[in-house]
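For reference, the structure is listed below as structure tokens.
Both ligands and their constituent atoms are indexed starting at 1 by order of listing.
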Amino acid sequence: MGVEENRYNLTDDEIIDQMIAILYSGYETVSTTSMMAVKYLHDHPNVLQELRKEHLAITERKRAEDPINWNDFKSMNFTRSVIFETSRLATIVNGVLRKTTQDMELKGFVIPKGWRIYVYTRENNYDPCLYPDPLAFNPWRWMDKSSESQNYFFMFGGGTRQCPGKELGIAEISTFLHYFVTRYRWDEVGGNKLMKFPRVEAPNGLKI
Ligand code: HEM
């Protein structure tokens, strides 16, 4: 695109900021969700069995050398549910940042203009009114498509700043899970340390 067509030209510092934001947002989230999915699948053989069934059905429709395609991805309904449930229970991103552009009142509390707010969405994810039996790993709760349109679904943020990489991230994790569950069986080596705060991570890696 020619320079004259842009209403606003990014400075070099802004371009560097954008690159770091995209690299970080696109890497940590996808790798941590994939790791936690592997962990939960290991701990819940009934879920793994259902997931494998979905992916083996895909492999049966094609030749061994054919890669998975868009239609295969669109048929991965249970996989999508496993990803959402992993995201919810592990709370990979535990909140979103906002700044008030005017004074606003919320349930009797006034938040002045210009305040920075951290919306701690982990609270939503574990609210038993929104997610019955919230500490259970239950991907089936997402099989109703409308669950991901609820206004308390914040795993990818919300509004105009919602994660632009949402579908790309889901496609990457789904592709990883496809090859992982159709080609491998695994066990944990033991002694794995998992931290949930301030962010989800396995400081020494998840050894399997
Ligand atoms: C499982 C995968 C992912 C999760 C859970 C996730 C989650 C989030 C969340 C919660 C936000 C904040 C949204 C808000 O403030 O409302 C966000 C923003 C963002 N994400 Fe993701 N994300 C994922 C994958 C990706 C990928 C693959 C990319 C790009 C390659 C990406 C790029 C971004 C960017 C650039 C923003 C900032 C958007 C803005 O401020 O306008 N994300 N993501």
(request) Identify which of P164, G165, G157 has a heavy atom lying nearest to atom 37 (C) of ligand 1. (result) P164

(request) Please report which non-hydrogen protein atom sits nearest to atom 23 (C) of ligand 1, along with the residue it belongs to and the distance in Å to one decimal place. (result) T29 OG1, 3.3 Å

(request) Compare all side-chain heavy atoms of Y40 with those of V47 and state whether any distance is below 4.5 angstrom. (result) no

(message) Less than 4.5 Å apart, side chain to side chain, heavy atoms only: is that true for M76 and I68?
(response) yes

(message) Quiz question: by atom type and distance under 3.5 Å, do the side chains of W142 and E85 form a donor-acceptor pair?
(response) yes

(request) Note the single closest protein heavy atom to atom 13 (C) of ligand 1, along with its residue, its atom name and the distance in Å. (result) R161 O, 3.2 Å

(message) Against ligand 1, does T33 come closer than 4.0 Å with any heavy atom?
(response) yes

(message) Could you check whether E148 pairs with R80 (Lys NZ or Arg NE/NH1/NH2 to Asp/Glu carboxylate O, under 4.0 Å)?
(response) yes

(message) Could you tell me, atom by atom, which parts of ligand 1 come under 4.0 Å of a heavy atom of G158?
(response) 16 (O)

(message) Considering S25, A21, G95 one by one, which has a heavy atom nearer to atom 32 (C) of ligand 1 than any of the others?
(response) S25

(request) Could you pull out, from M155, K166, E172, the option with a heavy atom nearest to atom 10 (C) of ligand 1? (result) M155

(request) Answer yes or no: is there an ion pair linking D66 with R61, defined by an N-O contact shorter than 4.0 Å? (result) no

(request) Between I173 and ligand 1, find which residue part has any heavy-atom pair under 4.0 Å and reply side chain, backbone, both or neither. (result) side chain

(request) Specify the protein heavy atom at minimum distance from atom 9 (C) of ligand 1: its residue, its atom name, and the distance to 0.1 Å. (result) F156 C, 3.9 Å

(request) Nearest 0.5 Å please: distance from the NZ atom of K207 over to the CG atom of D187. (result) 15.0 Å

(message) Regarding K62 and D72, does a basic nitrogen lie under 4.0 Å from an acidic carboxylate oxygen?
(response) yes

(message) Tell me the nearest of A37, S31, G26, C163 to atom 18 (C) of ligand 1, using heavy-atom distances.
(response) C163

(message) Could you tell me, atom by atom, which parts of ligand 1 come under 4.0 Å of a heavy atom of V96?
(response) 12 (C), 14 (C), 15 (O), 16 (O)

(request) I would like to know whether K196 and T91 meet side-chain contact (heavy atoms from CB on, under 4.5 Å); could you show each step before the answer? (result) CA-CA 8 Å; K196 279 208 152 182; T91 306; over 6 Å; no

(request) Determine, using heavy atoms of R98 and all atoms of ligand 1, whether some pair is separated by less than 4.0 Å. (result) yes

